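Step one of this worksheet: look at the structure below.
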Number of protein chains: 2
Amino acid sequence: MSQQRVTYTPESLLRVAVELFNERGYDGASMGQLAEAAGITKSSIYHHVRGKEDMLRLALERATGVLFALLDEPDATTGRAIDRLRYVVWRATEVLIEELPYVTLLLRARGNTETERWALDRRRELDHRVADLVARAAAEGDLRADIEPRLAARLLFGLVNSVSEWYRPGRSGAGPRQVGEAVAAVAFDGLTA
Amino acid sequence: MSQQRVTYTPESLLRVAVELFNERGYDGASMGQLAEAAGITKSSIYHHVRGKEDMLRLALERATGVLFALLDEPDATTGRAIDRLRYVVWRATEVLIEELPYVTLLLRARGNTETERWALDRRRELDHRVADLVARAAAEGDLRADIEPRLAARLLFGLVNSVSEWYRPGRSGAGPRQVGEAVAAVAFDGLTA
DNA sequence: CACCATAGACCGAACGTTCGGTCGGGCGCT
DNA sequence: AGCGCCCGACCGAACGTTCGGTCTATGGTG
């Protein structure tokens, strides 16, 4: 059987790029390294994509898209605040895992480029919406009163987002659902027996 | 009163450097930007430090030093595992805040340089020691049985480490001790009222 | 079926810019 | 005079990107 020439699409090349950006950091990753990882030359890359920052933009748009979408899901918008919050925590963990490379890149954005600054603005928007939900749950008396809702919101999303730093598909033992459930369990009920 | 010429020491210059490295990422930060932030020229910097990677090394050595030191404190080495673990979680959060710029840089290290690879090795060592303690607490029946100790360890330090992403001295409302206590409280008892 | 034109995917070389760092020196203080 | 701290000019290497091309596959035409 003849060995066919592997060709890239913008999407498949983006996938390779995002893996490299996560491995080395966007600024630490060069187009030369991407060419090497993809097995084509630097100039070939420009046949498929407009440029380095454009790949970053596409990736960050995808990550923010899925995260905002989850906030509009029915179980995130109807019911008691504490139930909605539990759903958001569990579901955000699942979405983070499903789109791990893209969400990881978003969480690591620093602000050195226009694209990153846009993404950071979007993240702040997300954080505000979740913080509002936490404040609601606290107001309804379902959160412990000795921790300020703002602090609680930060710890919650710190916990969720930290999954991106260690979760590896196929290598973390637990699946997305299991990790999502564990994150929600620890967040609301803690680790003590 | 005459305006005296501000001069740097290696340590005060390192402090400026670490702030910049955290703001833009180590790879995204240039020596030109450091010169600008410090108010001196690039060549002046080399009078005080050996080079860019050397500043990174000094910072990461400092961060790993304080984190390993806390694991050797009496309250972290004697007593029931669950009590030692509570102390470590609370104390690690405090230390992270006290040495925020240095620990933040450590947590963001990627592995692009020899120095970063060394630091990542040290972090893995730290993670192993804490994971051992979590396993001990689980074996003593003090942790919930439905979450694997390895997963519990990752979530624990995910929570602690995430503080570096939002805590800002003087701007987060709560002090190091309060945040440390909140982290430990949420980690072991959860957010639910 | 053979030939040709076209398009898609690719490449080597080069560009302008930025990078970390060095060199040779000046200034102010003791 | 000597030293510490500073600086302008410059360096070689690496960066992201562009330019002008080649190669291969495909479809149309005779």
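A quick note: this is a predicted structure, and the numbers were derived from the prediction, not measured.
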Inset, instruction - Check each residue of residues 37-56 of chain A for a non-hydrogen atom within less than 4.0 Å of any atom in DNA chain C, then write out the ones that pass by number, or none. - result: A:Ile40, A:Thr41, A:Ser43, A:Ser44, A:His47, A:His48
Inset, instruction - Go through the structure and list residues passing side chain to side chain donor-acceptor pair (under 3.5 Å) with A:Glu148, not counting sequence neighbours. - result: none
Inset, instruction - Kindly state each residue pair satisfying side-chain hydrogen bond (donor to acceptor under 3.5 Å, both in side chains) with at least one member in residues 101-110 of chain B, sequence neighbours excluded. - result: B:Arg108-B:Glu165
Inset, instruction - Mind checking side chain to side chain donor-acceptor pair (under 3.5 Å) for A:Asn22 and listing every partner two or more places apart, or none if nothing turns up? - result: none
Inset, instruction - Output all residues satisfying side chain to side chain donor-acceptor pair (under 3.5 Å) with B:Asp121, sequence neighbours left out; order by chain, then residue number. - result: B:Arg124
Legend entry - Contacts of type side chain to side chain donor-acceptor pair (under 3.5 Å), residue A:Arg50, not counting sequence neighbours: none
Inset, instruction - Mind calculating the distance between CG (A:Leu34) and C1' (D:dG16) to the nearest angstrom? - result: 12 Å
Legend entry - A:Tyr167: partners by ring pair (Phe, Tyr, Trp, His ring centres under 6.0 Å), with sequence neighbours left out: none
Legend entry - Close approaches to DNA chain C from residues 19-33 of chain A, in residue order (heavy atom, under 4.0 Å): none
Inset, instruction - Return the set of residues passing ring pair (Phe, Tyr, Trp, His ring centres under 6.0 Å) with A:Phe21 (not counting sequence neighbours), or none when no residue passes. - result: A:Tyr26
Legend entry - B:Asp132 and B:Arg129 ion-paired at < 4.0 Å: no
Inset, instruction - Please write out which residues are connected to A:Trp90 in a hydrophobic cluster, directly or through intermediates, given that two of Ile, Leu, Val, Met, Phe, Trp, Tyr count as joined at side-chain heavy-atom separations below 4.5 angstrom. - result: A:Tyr87
Legend entry - With sequence neighbours excluded, residues passing salt bridge (Lys or Arg N to Asp or Glu O under 4.0 Å) with B:Arg136: none
Legend entry - Strand DNA chain D as a dot-bracket string - pairs counted if Watson-Crick or G-U with both distances under 3.5 Å, | where the partner lies in another strand: ||||||||||||||||||||||||||||||
